Amino acid sequence: MRRARPGAVPRGTGGSPHARRATGGQRALISVEVGDPTDDTAAGADGTADTSGAAGERRQGDTAATADARQVSKLWHITLSVSGPESPLTEVRRGLEQLAHDHPFLLTSRYATDHAEIRYWEEARDLHDAAAVALRLWGEHRSSAQLPPWVIVGLEVIDRETYHQRIAEGYGPPPAAPVGVHPF
């Protein structure tokens, strides 16, 4: 919300401060339909909606096409590998257990004194979003879960179909049957 004195014109509009006052001090309100922002058939030049049959029929078709084109969230299987200087196993385990508590979708963690592997499912629109969230996971939880000062050394992001195809063919990451935090 922008705060300004009454009658002030927002900066960068190119209008003079007296423009609204000259038209009676009222701003015209128009409706804006949701849809393609480049579609200029939804409203005429005067800001009124086009109610002709052809444009109305086309907009109904566009609504269905827009809904189909809209990306839906998918499940992504994440494997995050971290490594660094040796830390006591009890501290590593406690930190990973706290991470599992803070991040409830964590499937399994395997750990040793100098590295760990975290596997979980992430819901995201696309691979880029899933990878971005995964790359932030360790750093964002490092202090709250008191994780070792390790760095990310590996990341695998695969979609659900690929994960299940790998499992069915007998290769790929083993199923996360033992859910929880386990030593290597």
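Remember, predicted model here, so these are calculated numbers, not experimental data. Side-chain atoms are counted along with the backbone in the values below, which use heavy atoms only and exclude waters and symmetry mates. Sequential numbering from 1 along the given sequence is applied to the chain's residues.
S73 and E123 make their closest contact through CB-OE2, 3.2 Å (heavy atoms, listed as atom of the first residue, atom of the second, distance). Contact detail for D129 and A124: the closest heavy-atom pair is CB-CB, 3.9 Å. When all heavy atoms are compared, the tightest approach of V92 to S87 is CG2-CB, 3.7 Å.
Grouping the Ile, Leu, Val, Met, Phe, Trp and Tyr side chains by contacts below 4.5 angstrom, directly or via other members, places L135 apart from V153.
Salt bridge annotation for E156-R166: present, with a cationic side-chain nitrogen under 4.0 angstrom from a carboxylate oxygen.
Taking the centre of each ring, W150 and H115 stay at or above the 6.0 Å mark.
The aromatic rings of W121 and H164 lie parallel to each other, with less than 30° between the two planes, well short of the 60° mark.
Without hydrogens or angle criteria, S81 side chain to A116 main chain gives no donor-acceptor distance under 3.5 Å. Looking only at distances, a side-chain donor or acceptor of R94 sits under 3.5 Å from a matching main-chain atom of Q146.
Contact annotation: the side chain of P148 approaches that of W138 to within less than 4.5 Å [non-hydrogen atoms, C-beta and beyond]. With contacts defined as side-chain heavy-atom distances shorter than 4.5 Å, the pair K74/R125 does not qualify. Residues T79 and L155 fail the side-chain proximity criterion, which asks for heavy atoms closer than 4.5 Å. Annotation: side chain of D102 is in contact with side chain of S144 (closest heavy-atom distance under 4.5 Å). No side-chain heavy atom of W76 sits less than 4.5 Å from a side-chain heavy atom of Y163. Side-chain contact between L99 and I118 is present, with at least one heavy-atom pair separated by less than 4.5 Å. Between L137 and L80 there is a side-chain heavy-atom pair separated by less than 4.5 Å.
A distance of 12.0 Å separates CG of L96 from NE2 of H141, quoted to the nearest 0.5 Å. Here CG of D159 is found 12.0 Å from NE2 of H77. Values are rounded to the nearest 0.5 Å. In this structure, CZ on R136 lies 10.5 Å from CD1 on I152, to the nearest 0.5 angstrom.
With sequence neighbours excluded, the residues satisfying side-chain hydrogen bond (donor to acceptor under 3.5 Å, both in side chains) with E117 are R110.
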